[in-house]
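See structure below.
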There are 2 protein chains.
Amino acid sequence: MAQAIDLSPKKQPQQARARASVEAMLDACTRLLVDEGYEAVSTNRVAEVAGVSIGSLYEYFPHKQSLVAAALARAMREVMDEVGRSLRTALALPHQPHDGIDHWMRGMIAALEQRENLLRVALREVPFFWSIPEVREFSRTLQKFGKEGQYKSQRVIHFEDPEASTYLLMNMTWAAVLQTVLHRPAHLSRERLTRTLVDMVLKLL
Amino acid sequence: MAQAIDLSPKKQPQQARARASVEAMLDACTRLLVDEGYEAVSTNRVAEVAGVSIGSLYEYFPHKQSLVAAALARAMREVMDEVGRSLRTALALPHQPHDGIDHWMRGMIAALEQRENLLRVALREVPFFWSIPEVREFSRTLQKFGKEGQYKSQRVIHFEDPEASTYLLMNMTWAAVLQTVLHRPAHLSRERLTRTLVDMVLKLL
DNA sequence: GTAGTACCTGAGTCCTTGCTCGGGTTAGCT
DNA sequence: AGCTAACCCGAGCAAGGACTCAGGTACTAC
């Protein structure tokens with residue numbers, strides 16, 4: 001099992017030139033993850049693709065894991081931002097609750113779809129993915145979003161155990177969205193799954 | 001991304017002695033996966049732990065992946081058997097439907113719990129996990145179980161799109177069960193989650 | 001100008017690991 | 001007993017990959 005490693009970067013770039021180099025490294029790492037999977041990511045190749053030398057890479061990242069973690073953390077922050085934005089516009093919609101749920105689901109699906117291959121690799125191949133702070137935070141934020149949505153739309157799930165049901169609802173929904181994007185069977189279109197998912201969530205509220 | 005590889009074994013053991021060796025290899029591989037994760041599994045170590053030589057290992061497995069795939073396939077067959085058994089006893093219960101769903105959920109959770117760490121590693125670290133035939137079959141069988149349960153218990157989800165809703169229901173349920181076992185937060189007991197999950201599934205039927 | 005710091009370079013070291021291969025041992029059959 | 005095929009052995013090869021280090025180049029401050 002993946003044991004705890006320090007995933008933090010080594011030192012921060014000070015000048016613009018160096019910041020560009022680090023960005024290039026992260027871009028290259030992301031590209032390799034997407035195109036060839038985690039096993040194919042070697043520090044030498046990342047440096048090559050980024051157009052910097054291997055020595056420069058180790059200026060800013062103490063080891064391979066911290067590089068991959070930084071690339072994934074950046075992506076997760078982007079996803080989280082988009083999901084948060086789509087929640088806020090969903091809550092501002094006049095025709096609650098169907099339209100709100102619908103908008104939010106589509107927002108989440110769109111956010112994932114843009115990074116489909118990266119997320120697939122991250123979730124299925126990167127051993128320390130769940131140790132990345134941004135990923136842990138993502139789960140927490142998702143829970144917060146769930147409560148926020150219920151609160152603002154004046155709807156609460158009425159089960160014996162509200163805390164457990166909110167938790168499960170969010171996780172099931174998230175899993176279904178992930179499934180829809182990453183693992184959808186050919187005979188079920190994204191549209192059909194989205195519509196049905198919205199119906200199911202409404203039924204649970 | 002993980003490309004397609006031939007995951008089938010090389011040749012079958014003929015004599016009892018050889019069958020025992022192969023079993024020992026699979027056991028050792030499973031143990032290493034559970035204890036130290038996919039990255040720590042090297043063919044040399046598997047042979048060492050199994051008490052056979054590296055040469056013998058390559059008699060029966062053409063490469064590392066086929067060994068890991070065989071170990072995981074064996075585990076998946078066991079899980080599938082248990083889940084199937086618990087579904088059948090659930091359907092035979094007199095007090096439908098709450099008791100049935102409850103029994104089935106608990107059966108699934110128990111089946112996963114026994115192999116908690118192995119599944120965690122398989123799902124999160126093994127790049128070719130979803131290419132293993134037994135895993136693909138597992139997903140299909142789960143869908144079949146879902147339809148079977150609905151049919152025999154005379155309950156069908158009444159949504160506009162029955163096919164998509166069955167698909168989603170099974171996947172969401174499965175995801176929630178997995179979540180409960182592999183990633184449960186400390187403040188929510190397994191029992192609370194199980195009970196709430198049963199309620200939610202019932203509400204959707 | 002010059003000192004100091006940030007930044008960059010890439011050949012090379014060391015280690016791990018997947019896998020081979022030549023040769024030995026055991027089981028089963030006639 | 002003798003023959004064949006199944007089975008087992010493990011030193012070692014070849015490749016690849018994480019990471020170092022000794023020495024350069026570009027900024028910045030005074």
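All values reported here derive from a predicted model rather than from experimental measurement. Values below: every heavy atom of this structure, side chains too, minus hydrogens, waters and symmetry copies. Residue numbers start from 1 in every chain, and the chains themselves are labelled A, B, ... in the order their sequence lines are given, proteins ahead of strands.
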Within 45° cone of Phe128(A) ring axis and under 6.0 Å: Lys64(A) NZ or CZ: no
Tyr38(B) OH - dT17(C) C1' separation (whole Å): 12 Å
Protein-nucleic acid N or O pairs under 3.5 Å, nucleotides 14-20 of chain D:
residue, atom, partner, partner atom, Å
dA18(D), OP1, Lys64(A), NZ, 3.0
dA18(D), OP2, Thr43(A), N, 2.8
dA18(D), OP2, Thr43(A), OG1, 3.1
dA18(D), N7, Asn44(A), ND2, 3.4
dC19(D), OP2, Tyr58(A), OH, 3.1
dC19(D), OP2, Lys64(A), N, 3.0
dC19(D), N4, Asn44(A), OD1, 3.4

Phosphate OP1/OP2 of dC7(D): any Tyr60(B) side-chain N/O under 4.0 Å: yes
Phe138(A)/Trp174(A) aromatic ring centres below 6.0 Å: yes
Presence of Ser56(B) side-chain N/O under 4.0 Å of dC9(D) phosphate oxygens OP1/OP2: yes
Phosphate OP1/OP2 of dT9(C) contacted by Ser53(A) side-chain N/O (<4.0 Å): yes
Separation of atom CZ in Phe61(B) from atom P in dT20(C), rounded to whole Å: 15 Å
Sugar-phosphate only, base, or nothing, as touched by Gln15(A) at under 4.0 Å among non-hydrogen atoms: sugar-phosphate
Between dC7(C) (C1') and Glu59(A) (CD): distance, integer Å: 7 Å
Student check: side-chain heavy atoms of Leu67(B) and Leu26(B) closer than 4.5 Å: yes
Nearest-nucleotide pick for Val52(B), side chain only, options being dC8(D), dC9(D), dC7(C): dC9(D)
Nucleotide nearest Ser21(A) when distance is taken to its side chain, options dC7(C), dA27(C), dC8(C): dC8(C)
Close side-chain approach of Tyr167(A) and Lys147(A), heavy atoms under 4.5 Å: no
Nucleotide nearest Gln14(A) when distance is taken to its side chain, options dA6(C), dC8(C), dC8(D): dA6(C)
Check ion pair Glu191(B)-Arg106(B) (N to O, under 4.0 angstrom): yes
May I have the list of side-chain donor-acceptor pairs in residues 72-84 of chain A shorter than 3.5 Å, sequence neighbours left out?
residue, atom, partner, partner atom, Å
Arg74(A), NH1, Glu23(A), OE1, 3.0
Arg74(A), NH1, Asp27(A), OD1, 3.2
Arg74(A), NH2, Asp27(A), OD1, 2.8
Arg77(A), NH1, Glu134(A), OE2, 2.8
Glu78(A), OE1, Arg115(A), NH1, 2.9
Glu82(A), OE2, Arg115(A), NH2, 2.4

